[in-house]
Visitor: 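Can you keep this structure in mind? I'll have questions shortly.
Because only heavy atoms are used, hydrogens play no part in the values below, and waters and symmetry mates are left out as well, while side chains stay in. Letters go in sequence order (proteins before strands), and every chain restarts at 1.
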There are 2 protein chains.
Amino acid sequence: MTDLEQYLQTYFDFDQGDLVKVASFFKPEIVKKGEYYLKTGKLCQKLSFIQSGMLRIYVDLEDREVTQWICTQGYFVADLASLVFEKPARWNIQALADTTVYTIDKRDYDRLGEYIPRWPVTEKLFIAHCFTTLEDRVFSFLSMTAEQRYNLLFESHRDIFTQVPLQYIASMLGMTPETISRIRRKQLN
Amino acid sequence: MTDLEQYLQTYFDFDQGDLVKVASFFKPEIVKKGEYYLKTGKLCQKLSFIQSGMLRIYVDLEDREVTQWICTQGYFVADLASLVFEKPARWNIQALADTTVYTIDKRDYDRLGEYIPRWPVTEKLFIAHCFTTLEDRVFSFLSMTAEQRYNLLFESHRDIFTQVPLQYIASMLGMTPETISRIRRKQLN
DNA sequence: GAACATACTTGACCTAGATCAAGAAATCAG
DNA sequence: CTGATTTCTTGATCTAGGTCAAGTATGTTC
């Protein structure tokens, strides 16, 4: 079973038939380090599963850039708002390393319901799951210190910390790289 | 047309038949000032449209409470994660004033697809819309100062500021009431 | 309309985290 | 291997916003 099928089965509880059908719409695609999966202002017309590598979601402001999230192996990536509402993407999505993704085209994505009867339910759960992830994140900003947010991310996404420049991690946590450095030193005692 | 029908039409583009059908599942309910619409740990088995009044979504921590959002007239309210995934609610939802809502029971909600063929699409758009709202909010914490976040909320939800204790507004913005007080004074010049 | 509670403002002070600057490590290109 | 970039750490300093405490409004209740 491919990683994608594995993921689809674990998270969406598809039966064998649906699993193969859904997975068959996803085509492999390679995004080389530094290349863009998506650029701000374009339409996001695809959804991808990350087979290997990493993508950084960020936006350019006048004087700096803000990293919204770093997507790693085994997760999906897209500009959901752009994909669903067909409006220009807010985010740049750029490869931090050579990245292999399995991509489904929006056209196929929008037709999944024709092939998999329970797709609408599955899609709803998928988007609702994205929602709760963000809800947790908002809550972290309302209730936690920089150090607590750092620890939370470190526990849940340890892989990022070994492979991604600190400045990006800091930005997605809403702090500076220096602050992360100091948190680390402090935690060494 | 009721406010609920008005809302459903504006946001979901239902035709007249669907509109009436959907709206008929919502029953009026009154939550008196101070009473709870939902309590942390319970299952959220309903979704409501706020006809009048205000509800505060918050959670109790050991040493303080954190207000996640204040829901006002013309918006929907629920613990979405609890409603969709049938897990215990994270949030308390309490009336800040006598509040009239139109409520649809989860059982009816889950069956809307049987009556309105395009419900799955509509529901997806609804949840995706909730997602983008939170995405904007995360972005505000990553990119804005306290004053900028205050201004953003003030422009978009002016009604809250005249009717809700400052401490709750401050909490949902991730700052203290004193900070809001100082921002206000500063803006008077 | 007292008496009491709740909300808001203001000042004095403090601190988490930012900024700036300089080195030290690590990574990369040839 | 070597010089050039990029990243990471550390120190010195600064500042946005927090904390604490007091005073002033603004409600409620009887």
Visitor: Using OP1 and OP2 only, check whether a side-chain N or O of Arg182(A) sits under 4.0 Å from dG17(C).
Guide: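 Negative; the distance criterion is not met.
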Visitor: Could Asp136(B) and Arg90(A) be called an ion pair, given the rule that one side-chain N must be under 4.0 Å from one carboxylate O?
Guide: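 Yes, Asp136(B) and Arg90(A) are salt-bridged.
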Visitor: What's the CZ-P distance between Arg64(A) and dA18(C), to the nearest Å?
Guide: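 Going from Arg64(A) (CZ) to dA18(C) (P), I get 12 Å.
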Visitor: Between Tyr109(A) and Trp119(A), how do the two ring planes meet: parallel, tilted or perpendicular, split at 30° and 60°?
Guide: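 Perpendicular.
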Visitor: Taking the minimum atom-to-atom distance to the side chain of Pro165(A), which one of dT19(D), dC8(D), dT9(C) wins?
Guide: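 Ranking dT19(D), dC8(D), dT9(C) by closest atom to the Pro165(A) side chain puts dC8(D) first.
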Visitor: Expressed in angstrom and rounded to an integer, what is the separation of Lys33(A) atom NZ from dT6(D) atom C1'?
Guide: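 Going from NZ in Lys33(A) over to C1' in dT6(D) covers 10 Å.
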Visitor: Near DNA chain C, counting only heavy atoms under 4.0 Å, which residues of residues 136-164 of chain B show up?
Guide: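 DNA chain C contact set from residues 136-164 of chain B: none.
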Visitor: Where is the tightest heavy-atom contact between Met172(A) and Phe141(A), given as atom of each residue plus distance?
Guide: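 Reported closest heavy-atom pair: O-CZ, 4.2 Å.
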Visitor: Should the ring pair Phe12(A) and Phe76(A) be called parallel, tilted or perpendicular, given that the plane angle runs from 0 to 90° and is split at 30 and 60?
Guide: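 Phe12(A) vs Phe76(A) ring planes: tilted.
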Visitor: Using a cut-off of strictly less than 4.0 Å, decide whether Thr179(A) has a side-chain nitrogen or oxygen near OP1 or OP2 of dG17(C).
Guide: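 Negative; the distance criterion is not met.
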Visitor: In whole angstrom, what separates Gln187(B)'s CD from dT9(C)'s P?
Guide: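 Going from Gln187(B) (CD) to dT9(C) (P), I get 12 Å.
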Visitor: In whole angstrom, give the distance that lies between atom CG of Leu173(B) and atom C1' of dA16(D).
Guide: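 The answer, rounded to whole Å, is 15 Å.
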Visitor: Tell me whether the guanidinium CZ or amine NZ of Lys46(B) lies under 6.0 angstrom from the six-membered ring centre of Tyr37(B) and within 45° of its axis.
Guide: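 Because its charged atom sits under 6.0 Å from the ring centre and within 45° of the axis, Lys46(B) does stack over Tyr37(B).
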Visitor: Mapping Ile180(A) and Met175(B) to their closest nucleotides on DNA chain D, which lands nearer the 5' end?
Guide: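 Its nearest nucleotide being more 5', the pick is Ile180(A).
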Visitor: In terms of side-chain heavy atoms of Glu178(A), which of dA18(C), dA21(C), dC8(C) is nearest?
Guide: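 From the listed options, dA21(C) comes nearest.
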Visitor: Closest approach to the side chain of Gln167(A), judged atom by atom: which nucleotide of dA21(C), dT10(C), dT7(D) is it?
Guide: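 Selected nucleotide: dT7(D).
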Visitor: Send over the distance from Leu96(A) CG to dT27(C) P, rounded to a whole Å.
Guide: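 Taking atom P of dT27(C) as the reference, CG of Leu96(A) is at 15 Å.
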Visitor: In this structure, how many angstroms lie between the P atom of dC28(C) and the CG atom of Asp98(A), rounded?
Guide: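 Answer to the nearest Å: 12 Å.
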Visitor: Have Glu135(B) and Gln68(A) got a donor and an acceptor in their side chains that come within less than 3.5 Å?
Guide: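 Side chains of Glu135(B) and Gln68(A): no pair found under 3.5 Å.
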Visitor: Taking atom types as modelled, is there a side-chain donor on Asn92(B) or Glu65(B) under 3.5 Å from an acceptor on the other?
Guide: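 The criterion, which ignores hydrogens and geometry beyond distance, is not satisfied for Glu65(B) and Asn92(B).
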Visitor: Look at the side chain of Arg184(A) and decide which nucleotide, out of dT10(D), dT9(C), dT9(D), has an atom nearest to it.
Guide: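 The closest nucleotide is dT9(D).
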Visitor: For the pair made of CD1 in Ile183(B) and C1' in dG17(D), what is the distance, rounded to whole Å?
Guide: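 After rounding, the gap between these two atoms is 9 Å.
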Visitor: Let me know the distance between CG of Leu166(B) and P of dA7(C), rounded to the nearest Å.
Guide: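 Checked: the CG to P distance equals 11 Å.
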